[in-house]
Amino acid sequence: MKIAAVLKKITILVLVLLVPGFLYYLLVSKGKNRYLNLPVYGPKTVLKTTHKVGHNDVPDTLYHSLPDFKLTDQNGNTVTPKTFTNQIFIANFFYTHCQGVCDEINNNINQLAAGYAGSKMVNFVSISVDPERDSTKALKSYANGVKPASAKWLFLRGDTSVVYPLAHNGFLVNALQTGKDNFIYSDKLILIDEDRRIRGYYTGASSKDISKLADEIKVLIKEESLKNDTPLY
């Protein structure tokens, strides 16, 4: 009985020591990420060219990405895709006269921004759908009221001829004005990678979705770091 008990303890110890290492080998082998990457949203085109995956030729795919844009932040600075070179960002649409659910969404973004305030890679952008009233001065006042936890949370404006097509054709969400004080726009937070591709949609007022986004930001950071051969630790 004593021998059996000792063998049992040894077996348990071996499993404790070996299983984590085995799992690590399955997930990360020879510097290659074996985690499932986040999906890429939007239309895609399968090209005639291929690339090697192991011994197989896999067709190259051209994914949907954001077009060029030029907007202005609450400090009067010009913001373009180059602003986020080698970085990722989380975008949403809003307007400063919005109340109720917008306050809840702002609180959720602020919690996320606080968690990534020290990161050089993560940005947040809130784009106004009401540029007529949301001047640079109005955005500055609004930002002061929100008190962003991170300086990398920008409040942006641009003409509707820029913002609405960017929403529809770039972020693939709704944004339009239906009356003087009526706007239809998405309540989603949209995760964008270094290549301007959409990697996730999350309901801004949903605590479950916000928790999911917090996790998937980490996944995307890891994915981008491995792609760029940037040390994770």
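Here the structure is a predicted model, which is why all the values come from computation and not from measurement. All heavy atoms count here, side chains included; hydrogens, waters and symmetry mates do not.
Side-chain N or O atoms of D195 include none that pairs as donor or acceptor with a backbone N or O of R197 at under 3.5 Å. Checking side-chain atoms of D103 against main-chain N and O of Q99 turns up no donor-acceptor pair under 3.5 Å. Using a distance-only test at 3.5 Å, with no hydrogens or angles considered, no donor-acceptor pair links the side chain of R157 to the main chain of S128. Side chain of D193 to main chain of R196: a donor-acceptor pair is present (N/O by atom type, distance under 3.5 Å, no hydrogens or angles). A donor-acceptor pair under 3.5 Å links the side-chain atoms of S225 to the main chain of I221, judged by distance alone. The backbone N or O of K82 lies less than 3.5 Å from a partner atom in the side chain of T85, making a donor-acceptor pair. The main-chain N or O of K147 is found under 3.5 Å from a side-chain atom of N110 such that the two form a donor-acceptor pair. Between the H64 side chain and the G170 main chain, a donor and an acceptor come within less than 3.5 Å of each other. The backbone N or O of S150 lies less than 3.5 Å from no partner atom in the side chain of Y116, so there is not a single donor-acceptor pair. Between the side chain of Q177 and the main chain of N182, no donor-acceptor pair closer than 3.5 Å is present.
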Under the side chain to side chain contact (heavy atoms under 4.5 Å, CB included) rule, what do D215 and L213 come out as? Steps first, then yes or no, please.
CA-CA 5 Å; D215 290 337; L213 173 54; over 6 Å; no
Can V125 and I90 be said to form a side chain to side chain contact (heavy atoms under 4.5 Å, CB included), step by step?
CA-CA 6 Å; V125 300; I90 297 87; over 6 Å; no
What verdict does the side chain to side chain contact (heavy atoms under 4.5 Å, CB included) test give for T83 and D73, after you've listed the backbone C-alpha separation in whole Å, the side-chain angles of each residue and the deciding distance to 0.1 Å?
CA-CA 11 Å; T83 304; D73 71 13; over 6 Å; no
Using the side chain to side chain contact (heavy atoms under 4.5 Å, CB included) rule, take V122 and I217 through it: C-alpha gap first, then chi angles, then the decisive distance, then the call.
CA-CA 8 Å; V122 183; I217 290 173; 4.0 Å; yes
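Between the side chains of D134 and T96, at least one donor N or O sits under 3.5 Å from an acceptor N or O. Side-chain polar atoms of K188 and N92 form no donor-acceptor pair below 3.5 angstrom. Side-chain contact, Q74 with K137: no donor N or O sits under 3.5 Å from an acceptor N or O. With no hydrogens or angles considered, no side-chain donor-acceptor pair links T78 and K70 at under 3.5 Å.
Taking all atoms of both residues into account, the shortest heavy-atom contact from V40 to Y63 is CG1-CD2, 3.5 Å. In plain terms, the two heavy atoms of A143 and P148 that are nearest each other are O-CD, 3.1 Å. A205 and I105 get closest at one heavy-atom pair: N-CG1, 3.8 Å. The two residues G158 and P131 come nearest to each other via the heavy atoms O-CB, 3.1 Å.
Residues L191 and I127 do not share a hydrophobic cluster, defined by chaining ILVMFWY side chains whose heavy atoms lie under 4.5 Å apart. V129 and V173 fall within a single hydrophobic cluster, where Ile, Leu, Val, Met, Phe, Trp and Tyr side chains are chained together by heavy-atom contacts under 4.5 Å. Transitive grouping of hydrophobic side chains (ILVMFWY, heavy atoms separated by less than 4.5 Å) brings L172 and V163 into a common cluster. Linking ILVMFWY residues whenever their side-chain heavy atoms come closer than 4.5 Å, directly or via other members, places L71 and L154 in the same cluster. Transitive grouping of hydrophobic side chains (ILVMFWY, heavy atoms separated by less than 4.5 Å) brings V162 and I190 into a common cluster.
Between N75 atom CG and L139 atom CG the span is 10.0 Å, to the nearest 0.5 Å. A distance of 11.5 Å separates CG in L112 from CG in N107, rounded to the nearest 0.5 Å. Atom CD of E104 and atom OG of S206 lie 9.0 Å apart (nearest 0.5 Å). Once rounded to the nearest 0.5 Å, the distance linking CE of M121 with CD1 of I88 reads 5.5 Å. The distance from the CG atom of N77 to the OG1 atom of T72 is 8.5 Å, given to the nearest 0.5 Å. Distance check: F155 CZ to N106 CG gives 6.0 Å after rounding to the nearest 0.5 Å.
Using a cutoff of 4.0 Å between basic side-chain nitrogens and carboxylate oxygens, D130 and R133 are scored as salt-bridged.
Considering only heavy atoms from C-beta on, P81 comes within 4.5 Å of D68 through its side chain. Two residues are said to be in side-chain contact when any heavy atoms from C-beta on lie closer than 4.5 Å; K152 and Q87 meet this criterion. Taking 4.5 Å as the limit, every side-chain heavy atom of F93 sits out of range of all side-chain heavy atoms of S126.
Between Y142 and F94, the gap from one ring centroid to the other is short of 6.0 Å. Taking the ring centroids of F124 and F89, they lie at or beyond the 6.0 Å cut-off.
The only member of Y202, Y201, F171 that meets ring-ring contact (aromatic ring centres under 6.0 Å, His included) when paired with Y41 is Y201. Test T203, I210, L189 against N108 for side-chain contact (heavy atoms from CB on, under 4.5 Å) and you get one pass: I210. If you run salt bridge (charged side-chain N to carboxylate O under 4.0 Å, His left out) between R199 and each of E216, E194, E223, only E223 comes through.
Taking the six-membered ring for Trp and thresholds of 30 and 60 degrees, Y95 and F183 have ring planes inclined between 30 and 60 degrees apart. Between H168 and Y164, the two ring planes are tilted [angle within 30° to 60°].
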